[in-house]
Amino acid sequence: MSGIEQARKAAENLGHMSGFGNEHSSEAVPGALPHGRNSPQRAPLGLYAEQLSGSAFTEPRARNRRSWLYRIRPSAAHPAFVRVDNGTLRTGPFTETAPDPNRLRWDPLPDPAPGTDFLAGLWTLGGNGDATQRTGMAVHLYSANASMTDRVFGDSDGELLIVPERGGLLLRTELGLLRAEPGHVALIPRGVRFRVELLDTTARGYVCENYGQPFVLPDLGPIGANGLANARDFLAPVAAFEDREGPVEVVNKFCGNLWSATYDHSPLDVVAWHGNHTPYVYDLRRFNVMGTISYDHPDPSIFTVLTSPSDTPGLAGVDFVVFAPRWLVGEDTFRPPYFHRNVMSEYMGLIEGAYDAKAGGFVPGGGSLHNMMSAHGPDRETFDRASAAELVPQRIDDGLAFMFETRWPVTATAQAAGADHLQRGYDDVWQGLSRNFRP
């Protein structure tokens with residue numbers, strides 16, 4: 001059986017627990033979870049009790065993230081880590097280039113060399129902040145044609161929001177297995193170790209690395225108790241473990257660099273766990289879109305799936321926004337996204353189909369960057385078409401786009417600023433927006 005066939009078999013009929021931020025509990029072997037305490041004198045079944053904390057012990061209860069893991073060997077049982085090459089992975093602070101006010105757009109990543117797995121295929125486009133200060137974010141893309149074999153990855157610098165665009169992924173995490181297909185997003189919390197196995201011959205997509213406060217569901221305010229991303233649609237894994245001897249490379253991203261150690265066992269050996277510091281997968285097509293039923297296009301904040309709060313209420317370190325299938329019914333309204341300059345910076349990617357504000361050049365796997373106060377909006381062809389369209393109810397269901405929106409400018413890496421797949425003529429899409437003023 002090939003590696004892809006093995007991954008597909010493992011991904012069949014996976015169990016899940018639903019709910020975002022819940023206090024989940026799961027055991028792969030009956031009796032593995034202790035009752036009435038977290039760290040008994042002797043943990044059940046000869047396991048080791050270990051707490052994984054994604055927040056400080058003293059943060060408010062509503063923000064506290066931690067899980068108790070009951071594992072075959074404690075994480076402390078490992079040799080020293082040594083530095084390894086970072087490849088095309090970069091981390092904030094981003095100082096290779098000057099922040100660029102120009103509008104930028106890229107085609108998809110070129111196909112990688114044979115044998116490239118998810119970790120080796122990570123390519124950093126840019127970001128902001130400082131991972132050592134737990135502020136800011138990074139935009140990565142990935143392109144892979146091989147599963148991670150005898151290799152496990154963990155990110156001490158931040159949580160990873162994985163957005164597949166091509167090819168399904170099986171994520172084997174310390175807390176269990178998740179399947180993420182194009183149209184899904186997967187969230188791997190800070191410090192949780194995982195391995196990525198491919199469900200197809202190739203895989204491609206996007207990653208938001210969030211150095212700051214963990215993603216939460218946005219407050220709904222006047223919307224009320226329901227809408228946008230519903231907590232029940234986020235799926236956490238059930239416990240599943242590897243009882244495996246033999247060499248396994250464990251790669252840790254720490255303060256911007258990759259460090260490697262060779263374990264004599266798999267670290268994915270958690271037999272039972274409970275807590276709320278857990279991976280999730282979410283189907284973007286379950287997003288409950290809110291929009292106008294009278295006039296005007298709402299601000300894109302109405303499409304927020306997840307938000308990483310900052311010290312200023314309402315000002316996110318990073319928001320994850322999805323433009324999901326929806327109806328447009330606004331009367332006397334220019335229906336595509338309006339012309340805009342924004343204090344926030346926006347990286348947009350496309351998962352499938354087309355985006356309703358761009359007539360061409362923005363393709364699945366590609367992306368655009370509009371830094372703070374850079375003027376952007378519909379291209380000329382879209383403007384002309386939307387200005388003359390008959391305003392009947394219109395269903396937008398031929399595309400799935402998303403946005404990483406952040407409070408700070410995104411500085412491109414040198415490899416992104418000089419990439420062959422950077423579209424040098426992006427500004428041309430706004431050419432021909434002629435003077436229409438008639439006094």
Side-chain angles (χ1 to χ4, degrees), residues 48 50-56 65-69 71-94 116-124 127 129-140 142 144 146-162 169 171-176 178 186-197 207-212 214 237 241-242 244-270 273 275 277-279:
Y48 290 89
E50 174 183 295
Q51 183 175 206
L52 175 61
S53 296
S55 61
R65 301 285 186 96
R66 66 90 180 87
S67 286
W68 277 93
L69 315 178
R71 57 194 319 146
I72 297 172
R73 288 183 176 85
S75 293
H78 69 78
F81 283 83
V82 297
R83 279 275 289 112
V84 294
D85 187 77
N86 292 339
T88 53
L89 192 61
R90 301 290 181 268
T91 302
F94 291 89
T116 300
D117 65 19
F118 173 85
L119 178 55
L122 283 172
W123 184 89
T124 307
D130 188 334
T132 66
Q133 302 299 310
R134 297 184 192 162
T135 59
M137 54 84 74
V139 178
H140 310 290
Y142 69 88
S147 294
M148 293 172 65
T149 304
D150 299 324
R151 183 143 95 142
V152 172
F153 179 50
D155 192 339
S156 298
D157 290 342
E159 62 184 351
L160 300 173
L161 184 68
I162 302 171
L169 306 177
L171 305 173
R172 293 186 185 266
T173 80
E174 289 182 89
L175 285 75
L178 291 172
L187 181 65
I188 306 293
R190 185 192 302 265
V192 170
R193 289 169 175 158
F194 66 102
R195 182 168 70 242
V196 179
E197 299 176 16
V207 179
C208 177
E209 184 181 15
N210 175 25
Y211 310 141
F241 66 96
E242 291 184 341
R244 174 182 168 190
E245 306 290 329
V248 176
E249 182 188 19
V250 178
V251 180
N252 179 23
K253 184 173 182 291
F254 181 81
C255 294
N257 293 313
L258 297 183
W259 296 74
S260 173
T262 300
Y263 287 32
D264 61 4
H265 64 281
S266 170
L268 307 181
D269 63 351
V270 176
W273 63 272
H277 191 62
T278 177

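Predicted, not measured: the structure shown is a model, and the values here were computed from it.
- No side-chain heavy atom of Asn210 sits less than 4.5 Å from a side-chain heavy atom of Leu161.
- For the residue pair Ala186 and Leu171, the shortest heavy atom distance occurs at CB-CD1, 3.4 Å.
- With sequence neighbours left out, the ring-ring contact (aromatic ring centres under 6.0 Å, His included) criterion links Tyr263 to His78, His265.
- Annotation: side-chain contact (heavy atoms from CB on, under 4.5 Å) contacts of Gln133 (sequence neighbours excluded): Asp130, Thr135.
- A search for salt bridge (Lys or Arg N to Asp or Glu O under 4.0 Å) contacts involving Asp155 returns nothing, not counting sequence neighbours.
- Using a distance-only test at 3.5 Å, with no hydrogens or angles considered, a donor-acceptor pair links the side chain of Glu50 to the main chain of Ser75.
- The two atoms that bring Ala261 and Ala80 nearest to each other are CB-O, 3.6 Å, heavy atoms only.
- Using a 4.5 Å heavy-atom cutoff, the side chains of Thr124 and Thr88 are not in contact.
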**Message:** Go through it in stages, so that I can follow the logic: the residues are Asn86 and Asn257, the test is side-chain contact (heavy atoms from CB on, under 4.5 Å), and I'd like the CA-CA distance, side-chain angles, deciding distance and then a yes or no.
**Reply:** CA-CA 6 Å; Asn86 292 339; Asn257 293 313; 2.9 Å; yes
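- Partners of Phe254 under the side-chain contact (heavy atoms from CB on, under 4.5 Å) rule, at least two apart in sequence or in another chain, are Ser156, Asn252, Trp259.
- Across all non-hydrogen atoms, the minimal contact from Glu159 to Pro189 is CB-CA, 4.0 Å.
- The closest side-chain heavy-atom distance from Leu122 to Tyr142 is below 4.5 Å.
- For the pair Ser55 and Arg65, the tightest heavy-atom approach, listed with the atom from each and the gap, is OG-N, 2.7 Å.
- With sequence neighbours left out, the ring-ring contact (aromatic ring centres under 6.0 Å, His included) criterion links Phe194 to Phe153.
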### Message
Could you walk me through whether Arg193 and Glu174 satisfy the salt bridge (charged side-chain N to carboxylate O under 4.0 Å, His left out) test, starting with their C-alpha distance in whole Å, then the side-chain angles of each, then the deciding distance to 0.1 Å, before giving a yes or no?
### Response
CA-CA 6 Å; Arg193 289 169 175 158; Glu174 289 182 89; 5.2 Å; no
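- Applying the salt bridge (Lys or Arg N to Asp or Glu O under 4.0 Å) rule to pairs touching residues 253-264 yields Asp157-Lys253, Glu209-Lys253, sequence neighbours excluded.
- With contacts defined as side-chain heavy-atom distances shorter than 4.5 Å, the pair Met137/Cys208 qualifies.
- Listed by chain and number, the residues in a salt bridge (Lys or Arg N to Asp or Glu O under 4.0 Å) with Arg134 amount to none (sequence neighbours excluded).
- Evaluation of the side-chain contact (heavy atoms from CB on, under 4.5 Å) rule for Thr262 yields Pro247 as partners, not counting sequence neighbours.
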Note to self: Does Val248 form a side-chain contact (heavy atoms from CB on, under 4.5 Å) with Val152? I'd like the steps, not just the answer.
What the structure shows: CA-CA 7 Å; Val248 176; Val152 172; 4.0 Å; yes
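- The salt bridge (Lys or Arg N to Asp or Glu O under 4.0 Å) check on Arg172 picks up Glu197, with sequence neighbours excluded.
- Residues passing the ring-ring contact (aromatic ring centres under 6.0 Å, His included) test with Tyr211: none are found, sequence neighbours excluded.
- Arg83 places a side-chain N or O within donor-acceptor distance of the main-chain N or O of Leu258, the cut-off being under 3.5 Å.
- Rounding to the nearest 0.5 angstrom, the gap separating the CZ atom in Arg195 from the CD atom in Glu242 is 4.0 Å.
- Looking at every heavy atom in both residues, Ala131 comes nearest to Thr91 through CB-CG2, 3.5 Å.
- Closest of all the heavy-atom pairs between Ile162 and Phe118 is CD1-CZ, 4.0 Å.
- Residues Leu187 and Leu160 form no side-chain contact, since every pair of their non-hydrogen atoms from C-beta on lies 4.5 Å or further apart.
- Under the side-chain contact (heavy atoms from CB on, under 4.5 Å) criterion, Leu52 pairs with Leu69, Val192, His277, sequence neighbours left out.
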Would you sort out whether Thr278 and Trp273 count as a side-chain contact (heavy atoms from CB on, under 4.5 Å), showing the intermediate values? CA-CA 10 Å; Thr278 177; Trp273 63 272; 3.6 Å; yes
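- Not counting sequence neighbours, the partners of Arg90 by the salt bridge (Lys or Arg N to Asp or Glu O under 4.0 Å) test are Glu96.
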